Amino acid sequence: MSKPHRPGTAQASGQYNDEYNDIAHEKMRSKHYVPRQRPIAWRTTPLINNLPGSCDDEYFDEYNITTSVDLSMVRNASANALVALTTRTFDDEVEVTEENCLRPLECVAQSYAWGKIGSDSLVARLKDAQSADFEIGDDKPYAELWIGTHPNGMSNIILPPLDGEDQPRKEPLVKYVQSNPDMHLGVEGVHEPSEDYDLTFLFKVLSIEKVLSIQAHPDKYLAAQLHTSRPKVYKDPNHKPEMAVALDDNFEAMSGFRSLVDIASNILEYPELANVIGIDAKRDVIDAIERGFNGDPKPILQELFRAYMTARDELVQENLVKMCERLSAKEDSKLTDLDRLILKLANQFPGDSGVFAPIIFNYLKLKKGDAFYIGANEPHAYIKGEILECMACSDNVVRAGLTPKLKDVDTLVKMLTYKSTMPEISRGERIDQNCLLYVPPVDDFAIEVIEVPAGSSYSLPDVLSPSVILTLEGSGKLQQNGNRITMDVSFGKAAFMSANTTALVVADDNSSLKIVRALSNVHL
């Protein structure tokens with residue numbers, strides 16, 4: 001998308017969750033509705049009717065979504081910034097001054113019911129280390145730390161005091177980056193304040209104690225359609241692809257559909273689900289395997305999922321009870337991992353149809369450093385663990401189970417891709433001895449994990465994109481402009497780095513330093 005990553009130099013010495021309020025909703029509307037008469041790249045974009053609502057472009061009135069939406073609706077401040085970065089004509093490093101130097105960030109800790117409790121939550125500990133006035137509640141769940149410009153979890157940037165004042169100033173990060181999009185966002189030629197541009201990504205840390213909802217995130221076209229038709233439910237017109245990177249050895253998730261062979265085997269192993277989906281859906285799956293089916297599984301999986309999601313509640317409850325009683329009666333040594341997961345979900349969400357989900361979805365167990373990408377219209381649910389998560393700047397969620405919130409089953413059944421593959425697990429790409437890169441197949445975001453040994457330093461290269469930095473371990477300094485600008489960093493400290501600037505990461509003599517940097521995907 002821009003210049004390739006330049007390896008740093010090592011020297012021996014020296015972001016569910018759409019918990020909106022009305023204020024956030026109005027901010028989002030004003031942020032994303034860009035008047036078409038403004039002189040931006042797509043002002044001549046034609047009206048597109050019957051745009052695809054899923055990645056597949058296959059339509060049946062009963063099973064697929066056909067949209068009618070102005071393509072300009074898809075354009076928003078984050079999309080504007082992506083266009084600007086891809087069309088930029090130069091990428092030279094700029095001089096670092098007081099106007100574009102690194103600045104500390106104060107981030108928002110979100111308290112959702114599925115989060116880890118009190119100091120057991122990495123999110124709580126990060127926030128506590130970051131903010132002097134924050135106090136961890138012993139019985140309070142801390143689920144997500146948001147680092148970015150989304151209006152429902154806006155980071156504040158810490159600026160020097162004004163003349164005659166003693167205390168540092170705080171202002172919303174979005175206001176700061178939009179004050180000079182050329183300087184801070186890398187939008188060439190836009191030096192005056194403009195709300196037409198924004199960060200392309202949202203970065204989070206998640207601390208997961210209980211399973212999140214079964215959900216999927218719409219692609220750009222469907223996001224625009226849902227926002228147009230139901231703006232109070234779907235607040236963002238932007239898509240939300242995302243990537244999760246495990247921070248511990250206990251991260252578990254469900255993502256995507258199992259193979260038809262696995263599903264057929266599981267239907268026989270768990271006859272309660274067969275009772276729920278009915279004889280026709282069961283027969284379609286079993287018959288496909290018996291005849292050696294190797295075609296597109298979408299029609300079979302979509303009918304199976306529709307039957308499962310729309311089954312009568314009485315039927316679901318009856319078979320949930322039977323299944324849980326049967327599994328609970330097993331000897332502990334004979335319980336499979338899938339058995340244990342089903343019982344765990346039944347304990348967390350008694351009577352929820354989502355308890356059947358692991359029978360048809362891939363069950364992932366990841367170790368520290370493992371990562372996987374979740375594209376648009378793919379079903380998934382995080383189960384437990386602590387992770388980094390980076391995504392396009394959006395908060396759109398379509399849910400269908402394991403949640404007390406709104407379940408939009410009809411939309412979810414129609415929007416999914418129904419791919420039948422195991423997600424690819426990545427360990428990242430080693431750029432050099434210090435930097436590990438996690439790069440998704442989209443322009444919106446990427447993650448760099450940088451580790452610097454004690455007493456050593458590492459040069460963060462300048463890139464077209466702005467970035468945010470979070471310190472996960474150790475202590476040290478970030479230095480710019482020949483060490484004339486210095487920021488102390490330690491566990492929990494976050495910072496904003498303007499586009500086209502560089503910094504030297506210096507670890508203390510007695511402590512190694514581990515930071516993560518989220519940025520637009522300049523590595524594609």
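Scope of the values below: all heavy atoms of this structure, side chains included, with no hydrogens, waters or symmetry mates. For clarity, every value in this text was computed on a predicted model and none was experimentally measured.
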If you look at every heavy atom in [X] and [Y], which pair is closest and at what distance?
X: Asp219; Y: His239; value: C-CB, 3.6 Å
X: Leu173; Y: Met154; value: N-SD, 4.0 Å
X: Phe201; Y: Pro466; value: CE2-O, 3.8 Å

Donor + acceptor pair across side chains of [X], [Y] (<3.5 Å):
X: Thr200; Y: Ser520; result: yes
X: Tyr363; Y: Glu252; result: yes
X: Asp339; Y: Tyr270; result: yes
X: Asn275; Y: Asn319; result: yes

What I want to find out is whether Lys116 reaches Glu209 closely enough, with some N-O distance under 4.0 Å, to be called a salt bridge. no

Hey, can you tell me if [X] and [Y] have their rings parallel, tilted or perpendicular (30° and 60° cut-offs)?
X: His150; Y: Trp146; result: perpendicular
X: Phe305; Y: Phe361; result: tilted
X: His217; Y: His380; result: tilted

Could you tell me whether Lys140 sits above the aromatic face of Tyr112, with NZ or CZ closer than 6.0 angstrom to the six-membered ring centre and within 45 degrees of the axis? no

Pair Tyr438 and Phe372, ring centroids less than 6.0 Å apart: no

